[in-house]
Amino acid sequence: MPARRHYITLIRKSLGERLTIHEGTAPNEIYLSLRHESMGTLPEICSLLTRSLGGHFTTLVANDERSLNGRFTLYYVFSVPVDDIFLILQVPVDPRHMEVPSVSTVLESANWFEREMKDWFGIIAFPNIHRLASHPDWPEDVHPMLKHFDCRTAVPRVRGSLDFRRVEGEGVFEIPVGPVHAGIIEPGHFRFSVAGEPIINLDVQLFYTHKGTEKIAEGMAPERGVFLAERISGDSSFAHALAYCHAIERMSTCTVTRRTAAARTMLLELERLYNHTGDIGAILLDVGFAAGAAAAFELKEQFLRLNEILTGSRLLRGIAAIGGNRRDPADTPLKREALAETLAQGKKSFEDLVDLIMSSSSVLDRLETTGTLKHADAYRLGITGIAGRASGIDRDYRRDHPHCAYADLAFRVHTCSEGDVLARLNVRAAEVRESFALIGQVQLQESTGHTRPVRAAVPHLGQALGYVEGWRGEIVHWVMTDREGKLFRWKITDPSFHNWRAVKVAVRDNIVPDFPVINKSFNLSYSGNDR
């Protein structure tokens with residue numbers, strides 16, 4: 001791969017004395033190993049990878065590798081979209097000195113990753129020492145992602161209080177909301193500081209739905225991991241399962257058939273369709289536009305029923321498999337007819353819905369300039385997916401890191417510059433139209449081969465990234481196997497983990513009654529964030 005050789009040469013010339021460089025198993029991965037004596041330059045190197053090489057911080061993986069090499073290792077992953085390259089910076093951590101320099105001073109997008117690393121592994125990115133994932137009643141010295149920790153252990157709880165930023169002054173009040181909410185929304189605690197109705201500050205406590213997914217996976221056969229991946233976030237069942245399969249396939253150098261790639265593309269876009277239309281309906285419901293909300297929810301239901309006809313599952317579960325798909329969503333005339341009819345009707349109904357929204361001045365008045373996330377803040381925080389694109393961040397893994405059949409399809413990545421609730425709705429609407437077009441292109445392609453899973457020879461001590469552009473944004477999984485070819489470490493990065501901090505910024509100076517629609521315009525996953 002010429003681009004990979006170019007980056008290796010470039011990095012070797014500029015950082016060769018600090019790094020050892022080697023190619024990964026996957027053709028677009030480069031591993032950079034930081035020498036221990038150069039640990040103090042870690043923030044500088046991360047800054048160089050972003051500012052000079054055009055990398056975007058993607059995820060941080062902490063790994064307890066003491067049973068393999070006597071140390072911990074951190075993997076800082078950077079996406080270079082212009083050349084479809086991933087730079088993976090490996091940093092060794094001595095178990096006797098569980099501390100590294102914080103990179104969040106130069107990469108604010110790494111802040112939550114560093115804090116989570118401290119909670120789960122006990123590795124401190126100094127001076128970033130605040131808790132994130134572990135709640136106040138969790139013992140400070142218990143780190144559940146260490147290999148010797150048994151996930152069946154009943155951990156004794158301690159006394160503690162939530163650490164929120166205190167805003168003081170005349171007329172300032174705190175409004176606590178949650179963690180238990182009305183309806184079926186998942187738990188999360190929000191603490192508003194307000195002066196009258198305007199919001200001065202918002203703090204968020206999440207991880208009430210932490211399921212220990214990454215810990216449960218340790219020692220699991222790779223084939224079983226697919227079913228666990230489907231349950232990371234229910235509304236992204238297929239995207240998460242596919243990102244996991246993608247990692248195993250890239251590690252195994254397993255190639256899927258063109259028909260499998262086309263079917264996977266179609267299913268990703270079907271998942272995007274039902275979620276985007278549902279979100280548009282939820283936004284309209286929160287501003288009291290019942291007619292528009294009802295039309296959107298009816299359309300979402302049509303797409304969910306189509307999913308069931310094509311795959312047997314409304315949420316597209318039980319389809320993805322390593323090396324293929326368990327079912328072909330378009331293998332019978334009945335399925336193809338249902339797909340064509342639903343999409344034709346859906347296009348017309350969706351355009352009628354958009355016309356209805358845009359003709360309502362009261363709706364537009366509620367959405368315009370509400371919950372604005374400026375481009376500078378979105379870039380600084382590393383916001384991804386629809387939330388980033390609505391604030392002018394032109395990134396989309398379908399184009400930047402092509403997977404499935406996207407490299408052979410024509411589509412446009414839509415962005416807006418306003419960054420408000422209306423912009424996020426408009427990005428969704430534009431992506432719905434692109435999904436209709438992409439599914440149409442997939443149907444016209446001459447797809448050869450079958451979709452049945454082919455056996456992947458999963459290597460021992462292998463590692464690779466898997467990724468897809470889910471409907472919320474980029475989903476990235478990093479998987480490493482042990483000496484027997486079973487799962488040793490599985491790091492799951494849902495776009496919600498990047499984007500929750502955007503909500504805290506977007507609500508400032510807005511009024512409390514607008515919080516529901518601002519929050520709904522991001523519609524982040526508690527389960528995907530907490531894992």
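In this structure, Trp500 and Phe190 have tilted ring planes: the angle between them lies in the 30° to 60° band. Taking the six-membered ring for Trp and thresholds of 30 and 60 degrees, Phe57 and Tyr76 have ring planes inclined between 30 and 60 degrees apart. Between Tyr406 and His403, the ring planes are perpendicular. Angles over 60° get that label, and only those under 30° would be called parallel. Between Phe164 and His189, the ring planes lie tilted relative to each other; the angle falls in the 30° to 60° range. Classified by interplanar angle (parallel below 30°, tilted 30° to 60°, perpendicular above 60°), the ring pair His498/Phe113 is tilted. Under the 30°/60° scheme for interplanar angles, the aromatic rings of Phe86 and Tyr467 are found to be tilted. Between Trp490 and His477, the angle of the ring planes lies from 30° to 60°, which puts this pair in the tilted group. By the 30° and 60° cut-offs, the orientation of the rings of Tyr208 relative to His135 is perpendicular. Ring geometry, His181 versus Tyr526: the interplanar angle falls from 30° to 60°, so the pair is classed tilted.
Under the 4.5 Å side-chain criterion, counting only non-hydrogen atoms from C-beta, His240 is in contact with Asp494. When side chains are defined from C-beta on, Arg472 counts as touching Asp235, because their heavy atoms get closer than 4.5 Å. Side-chain contact check for Phe207 versus Asp119: every heavy-atom pair is 4.5 Å or farther apart. Side-chain atoms of Trp138 and Arg157, non-hydrogen and from C-beta on, do get closer than 4.5 Å to each other. Between Lys520 and Arg424 there is no side-chain heavy-atom pair separated by less than 4.5 Å.
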Exercise for the section: Verify side chain to side chain contact (heavy atoms under 4.5 Å, CB included) between Arg131 and Glu140, making sure each step is shown before the conclusion. Expected result: CA-CA 9 Å; Arg131 285 188 173 198; Glu140 186 74 33; 2.9 Å; yes
Problem - Stepwise side chain to side chain contact (heavy atoms under 4.5 Å, CB included) check, Thr372 with Glu418 - result: CA-CA 7 Å; Thr372 299; Glu418 294 83 3; over 6 Å; no
Practice task
Tell me, with the steps shown, if Glu434 and Arg389 meet salt bridge (Lys or Arg N to Asp or Glu O under 4.0 Å).
Solution key: CA-CA 15 Å; Glu434 291 293 339; Arg389 291 191 282 275; over 6 Å; no
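Residues Ile123 and Met98 come closest through the heavy atom pair CG1-CE, 3.6 Å. The shortest heavy-atom contact between Val479 and Ala247 is CG2-CB, 3.7 Å.
Side-chain contact check for Asn426 and His414: no donor-acceptor pair (N or O, by modelled atom type) lies under 3.5 Å. For the residue pair Ser102 and Ser104, a side-chain donor N or O sits within less than 3.5 Å of a side-chain acceptor on the partner. Using modelled atom types, one finds a donor on one side chain and an acceptor on the other under 3.5 Å when comparing Asp530 with Thr209. Side-chain N/O atoms of Ser237 and Arg317 include a donor and acceptor closer than 3.5 Å.
Counting non-hydrogen atoms of neighbouring residues, nucleotides and ligands closer than 6.0 angstrom, the NZ atom of Lys504 exceeds 12 such neighbours. Atom CG of Asp509 sits in a sparse spot, with 12 or fewer heavy atoms from other residues, nucleotides or ligands closer than 6.0 Å. Atom CZ of Arg380 is surrounded by more than 12 heavy atoms from other residues, nucleotides or ligands within 6.0 Å.
In this structure, Arg489 does not pair ionically with Asp64, as no charged nitrogen and carboxylate oxygen lie closer than 4.0 Å. A salt bridge is absent between Arg428 and Glu431; no separation between the charged side-chain nitrogens and carboxylate oxygens falls under 4.0 Å. Glu351 has no carboxylate O lying under 4.0 Å from a charged side-chain N of Lys347, or vice versa, which leaves the two without a salt bridge.
A cation-pi arrangement is found for Lys491 relative to Phe497, the charged atom lying closer than 6.0 Å to the ring centre and inside a 45° cone about the ring normal. Annotation: cation-pi geometry satisfied between Lys147 and Phe488 (NZ/CZ under 6.0 angstrom from ring centroid, within 45° of ring axis).
Separation of atoms OG1 (Thr59) and OH (Tyr75) is listed at 13.0 Å; rounding is to 0.5 Å. One distance of note links CG of Leu270 with CG of Asn275; it measures 11.0 Å at 0.5 Å rounding. Note: Leu60 CG to Glu116 CD = 8.5 Å, rounded to the nearest 0.5 Å.
If you run side-chain contact (heavy atoms from CB on, under 4.5 Å) between Leu267 and each of Leu242, Ile439, Leu316, only Leu316 comes through.
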